[in-house]
K.L.:
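My structure is below; once you've seen it, I'll send some questions.
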Amino acid sequence: MDNTTVTFPNQSLNAVWNFAAVGRLSFGIVQVILNLGMLIVFMFRKDLRTSFTIYIIFLLIANLIYATCQYPLEVVRQLYPHWALSTSACVFYIYQCWIFCPVTMHMHVLITLNRIWAIAFPVSYRNRHSKRMAVLLCILMLLYLHLFVLPLVIIDAVWYKGNVAEKGCFLNGDVYRVYSIVAAIITQDLPVVFVVGAYPFLLCKQFKRKKGALKIVDVVSRAGATEMVNRNTSQLVIVTSKPPTQGKASRPFLVLTLLTISVFIFWTPDQTLWTVNSFMAINDQPGLRNATMVLFALQAVLDPILFILSLKSFRAVIRNSFSRLGWRRHNKVTDISASVEIDDDH
């Protein structure tokens with residue numbers, strides 16, 4: 001371990017690079033690169049901005065803000081045995097943890113709700129859902145979280161924030177224990193339960209939807225074949241119809257499938273451990289909390305990767321970008337070779 005001594009007024013703190021600090025720093029850098037990269041693609045490719053991908057754009061923005069604002073403070077918190085920054089920085093850190101972290105979780109909820117609407121009520125979804133509605137739902141979600149949790153953060157900052165250098169930077173849950181526990185369960189636990197719990201229903205609906213579509217194709221194919229036989233009895237024509245491609249309809253569901261699996265794997269351990277610790281005093285195993293926190297942070301790194309793997313349009317953009325880059329390099333090498341040949345001739 002690399003220990004660096006940092007001197008503050010009336011105290012000396014030793015910065016210790018541990019697993020949690022290194023993990024947060026590494027994931028934060030990768031998270032910024034991936035989420036920012038996808039946002040740049042959305043910025044320059046208007047055709048990729050659909051009513052569904054609006055939710056993805058908001059999720060990428062939330063991940064980017066969380067990585068650039070909260071992760072550096074989290075790294076500092078992990079490096080020192082006591083809070084080494086100012087009280088204002090501590091308040092901002094608590095704001096990020098209690099409001100902006102749930103923002104990323106509720107974006108997954110909105111994506112799940114979008115799929116429920118699209119699969120269970122497809123006609124209503126096509127007629128009513130739009131980009132404007134998607135933006136409005138995301139804004140309403142942000143307002144809801146701030147109205148519900150921001151009073152808790154303000155009360156803690158104004159009346160109960162003590163010496164953070166000695167006591168540490170955390171929400172004073174002992175003063176308003178019920179409020180803080182209820183807020184955490186509603187804004188952090190329930191999103192995980194909803195996203196994971198809604199998937200069996202969506203899977204059943206998606207299966208019935210595809211089965212119904214295949215039946216319609218079969219009926220249409222039989223009717224077409226019969227009509228052609230009646231029109232020309234001297235020649236038997238067998239009409240076969242290929243089922244309509246459901247790539248556009250199934251890709252968002254594939255996105256939801258991958259996100260649900262990753263949410264269950266990476267978010268459930270940390271939320272379960274926090275909830276259990278809120279209601280009963282248990283001895284935390286060495287490094288268990290830090291391990292679950294790093295696992296929790298991994299979700300925001302995987303979000304853009306899962307979108308790229310599951311959305312054909314994004315894969316095409318990346319493939320074309322690499323193809324153009326390779327073409328430019330090839331032309332550059334050719335030009336250099338030509339110039340070398342000319343120099344040799346001289």
Side-chain angles (χ1 to χ4, degrees), residues 1-33 35-36 61-106 142-143 145-177 179-181 183-184 187-188 270 273-274 277-278 284 287 289-294 296-297 300-301:
M1 292 296 179
D2 182 18
N3 297 347
T4 304
T5 302
V6 182
T7 303
F8 296 91
N10 301 326
Q11 61 177 338
S12 178
L13 301 177
N14 293 323
V16 180
W17 284 96
N18 50 39
F19 173 74
V22 174
R24 286 281 184 167
L25 180 61
S26 303
F27 289 156
I29 295 174
V30 177
Q31 183 175 328
V32 170
I33 295 174
N35 286 273
L36 182 60
I61 294 174
N63 286 339
L64 185 62
I65 294 176
Y66 196 56
T68 55
C69 296
Q70 194 269 346
Y71 277 14
L73 299 177
E74 181 64 35
V75 171
V76 173
R77 193 180 74 87
Q78 296 293 337
L79 285 177
Y80 301 102
H82 301 287
W83 184 254
L85 300 177
S86 65
T87 302
S88 299
C90 175
V91 173
F92 183 71
Y93 170 77
I94 293 176
Y95 167 80
Q96 289 287 323
C97 293
W98 280 83
I99 295 182
F100 231 89
C101 177
V103 167
T104 61
M105 304 174 78
H106 278 72
L142 289 170
L143 293 176
L145 287 175
H146 279 80
L147 290 175
F148 186 51
V149 186
L150 189 58
L152 183 66
V153 178
I154 294 176
I155 293 173
D156 179 77
V158 174
W159 283 286
Y160 298 106
K161 188 59 63 188
N163 188 350
V164 293
E166 296 179 357
K167 299 180 179 180
C169 181
F170 58 89
L171 194 72
N172 194 346
D174 294 335
V175 178
Y176 24 80
R177 180 177 177 81
Y179 187 3
S180 61
I181 291 179
T187 62
Q188 299 181 33
D270 189 68
L273 182 62
W274 183 92
N277 284 331
S278 298
D284 187 13
R289 178 61 177 172
N290 290 335
T292 59
M293 290 175 62
V294 171
F296 185 94
V301 176

K.L.:
Any chance you could measure Leu25, atom CG, to Glu74, atom CD, to the nearest 0.5 Å?
P.N.:
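One finds 12.0 Å between CG of Leu25 and CD of Glu74.
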
K.L.:
Measuring only between side-chain heavy atoms, which start at C-beta, is Ser180 closer than 4.5 Å to Leu171?
P.N.:
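Yes, at least one pair of side-chain atoms sits under 4.5 Å.
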
K.L.:
Mind checking whether Val149 and Pro102 have side chains closer than 4.5 Å, heavy atoms only?
P.N.:
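The answer is no; the side chains never approach within 4.5 Å.
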
K.L.:
Go through the side-chain N and O atoms of Gln31 and Tyr66 and say whether any donor and acceptor fall under 3.5 Å apart.
P.N.:
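No pair is found: no donor N or O on one side chain lies under 3.5 Å from an acceptor on the other.
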
K.L.:
What's the spacing between Leu64 CG and Asn35 CG if we round to 0.5 Å?
P.N.:
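Reported value, rounded in 0.5 Å steps: 6.0 Å.
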
K.L.:
Quick one: pull up OG1 in Thr68 and CD1 in Ile29 and give me the separation to the nearest 0.5 Å.
P.N.:
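The distance works out to 12.5 Å.
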
K.L.:
Under the side chain to side chain contact (heavy atoms under 4.5 Å, CB included) criterion, do Arg24 and Arg77 qualify, and how do the steps go?
P.N.:
CA-CA 11 Å; Arg24 286 281 184 167; Arg77 193 180 74 87; over 6 Å; no

K.L.:
Please tell me if the side chains of Pro72 and Val76 come closer than 4.5 Å, counting only heavy atoms from C-beta onward.
P.N.:
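With C-beta onward as the side chain, the pair stays apart.
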
K.L.:
Check the pair Cys101, Gln70 against side chain to side chain contact (heavy atoms under 4.5 Å, CB included), reporting the backbone distance first and the verdict last.
P.N.:
CA-CA 9 Å; Cys101 177; Gln70 194 269 346; over 6 Å; no

K.L.:
Aromatic ring centroids of Phe170 and Trp83 under 6.0 Å?
P.N.:
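Ring-ring flag for Phe170/Trp83: false, centres at least 6.0 Å apart.
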
K.L.:
Nearest 0.5 Å please: distance from the OG1 atom of Thr187 over to the CH2 atom of Trp98.
P.N.:
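Output value for this atom pair is 7.0 Å.
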
K.L.:
Looking at every heavy atom in both Gly28 and Ala67, which two are closest together, and how far apart are they?
P.N.:
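Answer, listing the atom of Gly28 first, then Ala67: O-CB, 4.2 Å.
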
K.L.:
Are His146 and Tyr95 close enough that their ring centres sit under 6.0 Å apart?
P.N.:
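Centroid separation for His146 and Tyr95: below 6.0 Å.
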
K.L.:
Out of curiosity, Phe100 CZ to Tyr93 OH, how far, rounded to the nearest 0.5 Å?
P.N.:
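One finds 16.0 Å between CZ of Phe100 and OH of Tyr93.
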
K.L.:
At their closest point, which heavy atom of Cys97 faces which heavy atom of Gln188, and how far apart are they?
P.N.:
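For Cys97 and Gln188, the tightest heavy-atom pair comes out as O-NE2, 4.0 Å.
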
K.L.:
Rounded to the nearest 0.5 Å, how far apart are CD1 of Ile94 and CG of Asp156?
P.N.:
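Those atoms lie 5.0 Å apart.
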
K.L.:
Where do Ala184 and Trp274 come nearest, in terms of heavy atoms and distance?
P.N.:
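Distance-wise, the nearest heavy atoms are CB-CH2, 2.9 Å.
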
K.L.:
Closest approach of Ala62 and Val103, non-hydrogen atoms and distance?
P.N.:
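Taking Ala62 first and Val103 second, the nearest heavy atoms are CB-CG1, 3.9 Å.
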
K.L.:
What are the two closest non-hydrogen atoms of Leu145 and Ile99, and how far apart are they?
P.N.:
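Smallest interatomic distance, heavy atoms only, reads CD1-O, 4.1 Å.
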
